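As the structure is a prediction and not an experimental result, all values here were calculated from the model. What you see below is based on every heavy atom in this structure, not just the backbone, and it leaves out hydrogens, waters and symmetry mates.
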Amino acid sequence: MKRLLTALLLCSAAGGLANAQSAQKYDTLSNELEIMSGVLKTSLRQNAATDSWKVSQIETSYLAGQGAVFTFSVRGQSGNWVREIETLVEGLVATVPPAPPAPPVPSANSFSDVDDIVFEAAREWEAYAEETSHRFSQVFADNNSRLRDLRNMQRELAWEAREVERELRDITFELRHADEARKKELLAQKEQSGEQLKQLEAKEKSMKDELKAIEKEQTKQMEARKAQQQQAYKTFLAGFESGMSETLCRFGSGLRGLPENEHISMVLKDFEMDESRERKDRIYVFTRADIVRCVQEKIDANKLLTNANIYQF
């Protein structure tokens, strides 16, 4: 019995010692990762190729049997840079809805059939004004004031068209029962209404042309800004990859607690955007063996980056 108790005590002590050693090992590795995180942050700040986007935070973790993970959060001057690109893309796909046809201008001989004409165009113009102004007010904030003016003007235009429609219906109805003297007066009124419709059509065309001009100018500005953002993206990425690989080559030996058969992963959180505009992480996976080789100058930083497994997820 004493031998059994002694064996149990020895096993328990050995297990406790093993657990303590394991905890100490992970504590040591955690400290090494924290130190490497500070080195990376300093290096990336010094090697920053653009002021537009910077690494704002680095988180570290360790997956036993797999390796260390560094997760980088990137923010721009106005927040997450991916949101800036999304906004630009959304703006570029916003277009002016096709303008409805102008109301028909009746001829002097066709007013007897005016009661058969339905001036849906008047209501279509009003819907067109609302939709166009709504899209532009979302995308082109700098032109909100002018767009509000255009919307009000188009509403007034639609109201005037409805008034002409009502007048023409009244004239047509009265013509059916008027004497010759009154018919002459009514025909004169019909001609006047026809001229008024022509003026409404001209105003509608002028407003449509102005909206197209605004769209063209703003699209041009957005394309220029998007090009600048994309250039800044490429510049930042080049600086990040260069600083990251060079830091691993210079200071990678500091991760002594990481087994040589494991990996070091660098994750740019929410950095990429796929075709459906969903955010993706950009991930770099380096082998510990390659990092050791680079520290020993058997390969350079460019080769280390080339050997890395880079993907989006």
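Nearest heavy atoms, Leu33 versus Ala68: CD2-CB, 3.5 Å. The heavy-atom pair separating Arg288 from Leu255 by the smallest distance is NH2-O, 2.8 Å. The two residues Ser193 and Val164 have their closest heavy-atom pair at O-CG1, 4.2 Å. Counting all heavy atoms, side chain and backbone alike, Tyr62 lies closest to Gly67 at CD1-O, 3.3 Å.
Within the 4.5 Å cutoff, the side chain of Gln57 has no heavy atoms near those of the Thr71 side chain. Inter-residue side-chain proximity for Met207 and Met153 is flagged as met; some heavy-atom pair is nearer than 4.5 Å.
Without hydrogens or angle criteria, Ser242 side chain to Ala238 main chain gives no donor-acceptor distance under 3.5 Å. Under a 3.5 Å cut-off, the side chain of Thr247 and the backbone N or O of Gly243 do form a donor-acceptor pair. A distance-only check finds a donor-acceptor pair linking the side chain of Thr172 to the backbone of Leu168 [under 3.5 Å]. A donor-acceptor pair is defined here as one N or O able to donate and one able to accept, closer than 3.5 Å; no such pair exists between the side chain of Asp281 and the backbone of Ile283.
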Test salt bridge (Lys or Arg N to Asp or Glu O under 4.0 Å) on Lys226 and Glu223; report intermediate values, then the result.
CA-CA 5 Å; Lys226 184 172 183 287; Glu223 287 175 344; over 6 Å; no
Apply side chain to side chain donor-acceptor pair (under 3.5 Å) to the pair Tyr311 and Glu272, showing each step before the final yes or no.
CA-CA 10 Å; Tyr311 63 98; Glu272 301 286 3; over 6 Å; no
Set out, in order, the CA-CA distance, both residues' side-chain angles and the distance that settles salt bridge (Lys or Arg N to Asp or Glu O under 4.0 Å) for Arg282 and Glu241, then state yes or no.
CA-CA 11 Å; Arg282 184 177 177 88; Glu241 291 181 346; 3.3 Å; yes
Between Phe251 and Met36, does a side chain to side chain contact (heavy atoms under 4.5 Å, CB included) hold up when you go through it step by step?
CA-CA 8 Å; Phe251 304 103; Met36 177 60 73; 4.0 Å; yes
Please determine whether salt bridge (Lys or Arg N to Asp or Glu O under 4.0 Å) holds for the pair Arg293 and Asp290, giving the CA-CA distance in whole Å, both sets of side-chain angles, and the decisive distance to 0.1 Å.
CA-CA 5 Å; Arg293 291 171 61 204; Asp290 269 348; 2.9 Å; yes
Go through Leu305 and Met244 one step at a time and tell me if the side chain to side chain contact (heavy atoms under 4.5 Å, CB included) criterion holds.
CA-CA 9 Å; Leu305 187 62; Met244 172 183 60; 4.2 Å; yes
Assess whether salt bridge (Lys or Arg N to Asp or Glu O under 4.0 Å) is satisfied between Glu195 and Lys198, documenting all intermediate values.
CA-CA 5 Å; Glu195 290 298 323; Lys198 287 182 180 180; 3.6 Å; yes
Would Glu262 and Gln66 count as a side chain to side chain contact (heavy atoms under 4.5 Å, CB included) here? Give the steps.
CA-CA 5 Å; Glu262 294 186 355; Gln66 300 179 47; 5.9 Å; no
Could you go through the side chain to side chain contact (heavy atoms under 4.5 Å, CB included) check for Leu268 and Tyr284 one step at a time?
CA-CA 9 Å; Leu268 279 173; Tyr284 302 78; 4.2 Å; yes
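Residue-environment remark: CD (Glu163) exceeds the threshold of 12 foreign heavy atoms within 6.0 Å. For Arg250, the CZ atom sits in a loose shell: 12 or fewer heavy atoms of surrounding residues, nucleotides or ligands are nearer than 6.0 Å.
Using a 4.0 Å cut-off between charged side-chain N and carboxylate O, Lys183 and Asp179 make no salt bridge. Under 4.0 Å is where a charged nitrogen must lie from a carboxylate oxygen, and between Glu185 and Arg182 at least one such pair does. Between Glu217 and Lys220, none of the side-chain N atoms (NZ, or NE/NH1/NH2) sits under 4.0 Å from a carboxylate O, so this pair counts as no salt bridge.
Cluster annotation: Val285 and Phe70 are assigned to distinct hydrophobic clusters (Ile/Leu/Val/Met/Phe/Trp/Tyr, side-chain heavy-atom contacts under 4.5 Å, transitive). Transitive grouping of hydrophobic side chains (ILVMFWY, heavy atoms separated by less than 4.5 Å) keeps Val292 and Leu304 in distinct clusters. Note: the hydrophobic cluster containing Phe286 does not contain Val267 (ILVMFWY, side chain heavy atoms under 4.5 Å, direct or indirect links). Under the 4.5 Å side-chain heavy-atom criterion for Ile, Leu, Val, Met, Phe, Trp and Tyr, Leu248 and Val69 are members of distinct hydrophobic clusters. Taking hydrophobic clusters as Ile, Leu, Val, Met, Phe, Trp and Tyr residues chained together by side-chain heavy-atom distances below 4.5 Å, Tyr26 does not share a cluster with Leu63.
For the atom pair CG of Leu157 and CG of Asn152, the computed distance is 12.5 Å after rounding to the nearest 0.5 Å. We find the CD-CD distance between Glu167 and Gln189 to be 8.5 Å, quoted to the nearest 0.5 Å. From Thr306, atom OG1 reaches atom CD1 of Ile299 across 9.0 Å, with rounding to the nearest 0.5 Å. The distance from the NZ atom of Lys212 to the OG1 atom of Thr219 is 13.0 Å, given to the nearest 0.5 Å. With rounding to the nearest 0.5 Å, the separation of CD in Glu34 from CD1 in Ile58 is 9.5 Å. Between Lys303 atom NZ and Cys294 atom SG the span is 11.5 Å, to the nearest 0.5 Å.
Applying the side chain to side chain contact (heavy atoms under 4.5 Å, CB included) test between Trp159 and each of Glu156, Arg162, Arg155 identifies Arg162 as the sole match.
Between Phe72 and Phe271, the gap from one ring centroid to the other reaches at least 6.0 Å.
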